[in-house]
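Index from 1, following the sequence. As the structure is a prediction and not an experimental result, all values here were calculated from the model.
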Amino acid sequence: MASVGKSTNIFWQECSVGKLDRQKLLNQKGCVVWITGLSGSGKSTLACTLGRELHSKGKLSYILDGDNLRHGLNKNLGFTAEDRAENIRRVGEVAKLFADAGLICIASLISPYRRDRDSCRALLPDASFIEVFMNMPLELCEARDPKGLYKLARAGKIKGFTGIDDPYEPPLNCEIEIKQENGCCPPPSDMARQVVDYLEEKGFMHE
């Protein structure tokens, strides 16, 4: 019996089928690929391309997209610092469950605050949290502006927008850093290959 947060009188239920059993069944190791960066840096593009690449190799993955999650799991959250922290906390906990299920979980979120990303990293054991930093300059992201949000932020119609009037704290020790090439974001296939190569090198592609 224990107390966790606001819950009391709760018990942890152990089951006979565990993470190692699921990983053996899937012939892969569960992990979280956490893609962070400014809006317009290419996070979702990388996530979808990576998911397709893994699928083509017979590997089971699932994408947790920041915008998609705000349609359901996090639809009651806004963009205050407190709500952003809770948003990332929830996604981190869900990602942990997917990794425990043996999946390669791809989380694609701006996740601007370093402490929140570090808290998610702390949830995962055995170096199975892989932080991918989309290191694209603000000028490039704003020029692309695929959702038209930078224009609205510059016009004062969106407050607390990351990179404009709210900070983005870049990772200090990410596993993978993706930078622009000749002033452009690399092709999606090249970015996905960089991540897949890392997963293969670290043994996540096989049980």
**Q** Quick check: is Ile35 connected to Met136 through a chain of hydrophobic side chains (ILVMFWY, heavy atoms under 4.5 Å apart)?
**A**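 Met136 clusters together with Ile35.
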**Q** Looking at residues at least two apart in the chain, or sitting in another chain, which of them share a ring-ring contact (aromatic ring centres under 6.0 Å, His included) with Tyr62?
**A** Phe98
**Q** Please say yes or no: joined through hydrophobic side-chain contacts below 4.5 Å, possibly via intermediate residues, are Leu109 and Leu73 part of one cluster?
**A** yes
**Q** Does any N or O in the side chain of Asn135 come within less than 3.5 Å of the main-chain N or O of Glu177, such that one atom is a donor and the other an acceptor?
**A** no
**Q** So does Glu93 pair up with Arg90, basic N to acidic O under 4.0 Å?
**A**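 Result for this pair is no, no salt bridge flagged.
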**Q** Flag the pair Ser119 / Ile88 as yes when at least one side-chain heavy-atom distance between them is below 4.5 Å, and no otherwise.
**A** no
**Q** Is any side-chain heavy atom of Asp67 closer than 4.5 Å to a side-chain heavy atom of Lys147?
**A**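 They are in side-chain contact.
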**Q** In terms of side-chain geometry, is the basic nitrogen of Glu175 or Lys202 positioned less than 4.0 Å from the acidic oxygen of its partner?
**A**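 Salt bridge between Glu175 and Lys202, a charged N being under 4.0 Å from a carboxylate O: no.
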**Q** Answer whether the closest heavy-atom distance between the side chains of Ser56 and Glu53 falls below 4.5 Å.
**A** yes
**Q** Does Leu46 reach the side chain of Ile106, with side-chain heavy atoms less than 4.5 Å apart?
**A**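 They are not in contact (no side-chain heavy atoms under 4.5 Å apart), so the answer is no.
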**Q** Is the backbone N or O of Met134 less than 3.5 Å from a side-chain atom of Lys43, with the two atoms forming a donor-acceptor pair by type?
**A** no
**Q** To check you understand the geometry: which heavy-atom pair defines the closest contact between Gly51 and Ser61, and what is its length?
**A** CA-OG, 3.8 Å
**Q** Could you tabulate the donor-acceptor pairs under 3.5 Å formed by side-chain atoms of residues 156-164, not counting sequence neighbours?
**A**
unit_1, atom_1, unit_2, atom_2, d
Thr162, OG1, Arg84, NH1, 3.3
Thr162, OG1, Arg84, NH2, 3.4

**Q** For Lys151 and Asp145: C-alpha separation, side-chain torsions, deciding distance, then whether side-chain contact (heavy atoms from CB on, under 4.5 Å) applies.
**A** CA-CA 8 Å; Lys151 184 177 180 180; Asp145 202 9; 3.8 Å; yes
**Q** Do the numbers put Arg117 on top of the ring of Phe129, so that NZ or CZ is under 6.0 Å from the six-membered ring centre and no more than 45° off the axis?
**A**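 The answer is no, since Arg117 fails at least one limit relative to Phe129.
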**Q** With sequence neighbours left out, which residue pairs that include part of residues 186-207 fulfil the ring-ring contact (aromatic ring centres under 6.0 Å, His included) condition?
**A**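 Every candidate ring-ring contact (aromatic ring centres under 6.0 Å, His included) pair involving residues 186-207 fails, so no pair, neighbours aside, qualifies.
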**Q** Strictly distance-based, threshold 3.5 Å: is any side-chain N or O of Arg70 a donor or acceptor partner for the main-chain N or O of Asp65?
**A**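 No, because the side chain of Arg70 does not come within donor-acceptor range (under 3.5 Å) of the backbone of Asp65.
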**Q** Should Arg193 and Asp197 count as an ion pair when the cut-off is N to O under 4.0 Å?
**A**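 A salt bridge is present here (some side-chain N lies under 4.0 Å from a carboxylate O).
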**Q** Residues two or more places apart in sequence or in another chain: which of them pass side-chain hydrogen bond (donor to acceptor under 3.5 Å, both in side chains) with Asn173?
**A** none
**Q** By side chain to side chain contact (heavy atoms under 4.5 Å, CB included), which residues pair with Pro137, not counting sequence neighbours?
**A**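 For Pro137, the residues satisfying side chain to side chain contact (heavy atoms under 4.5 Å, CB included) (neighbours in sequence not counted) are Glu139, Leu140, Gln180.
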**Q** With a 4.5 Å heavy-atom cut-off, do Arg89 and Cys120 have their side chains touching?
**A**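 Not in contact.
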**Q** Could you pull out the closest heavy-atom pair between Pro167 and Tyr113, with the gap in Å?
**A** O-CE2, 4.0 Å
**Q** Side-chain polar contacts of residues 24-34 - donor-acceptor pairs under 3.5 angstrom, sequence neighbours left out - could you list them?
**A**
unit_1, atom_1, unit_2, atom_2, d
Asn27, OD1, Glu207, N, 3.2
Gln28, OE1, Leu60, N, 2.9
Gln28, NE2, Leu60, O, 2.8
Gln28, NE2, Gly102, O, 2.9
Trp34, NE1, Ser111, OG, 3.0

**Q** Within the structure provided, determine whether Cys185 and Arg144 are in side-chain contact (heavy-atom separation under 4.5 Å).
**A** yes
**Q** Inspect the contact between Arg22 and Asp100 and indicate whether a charged nitrogen and a carboxylate oxygen are less than 4.0 angstrom apart.
**A** yes
**Q** Under a 4.5 Å cut-off applied to non-hydrogen side-chain atoms, are Val196 and Met205 in contact?
**A** yes
**Q** Do the non-hydrogen side-chain atoms of Leu38 and Glu142 ever get within less than 4.5 Å of each other?
**A**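 Side-chain contact under 4.5 Å: no.
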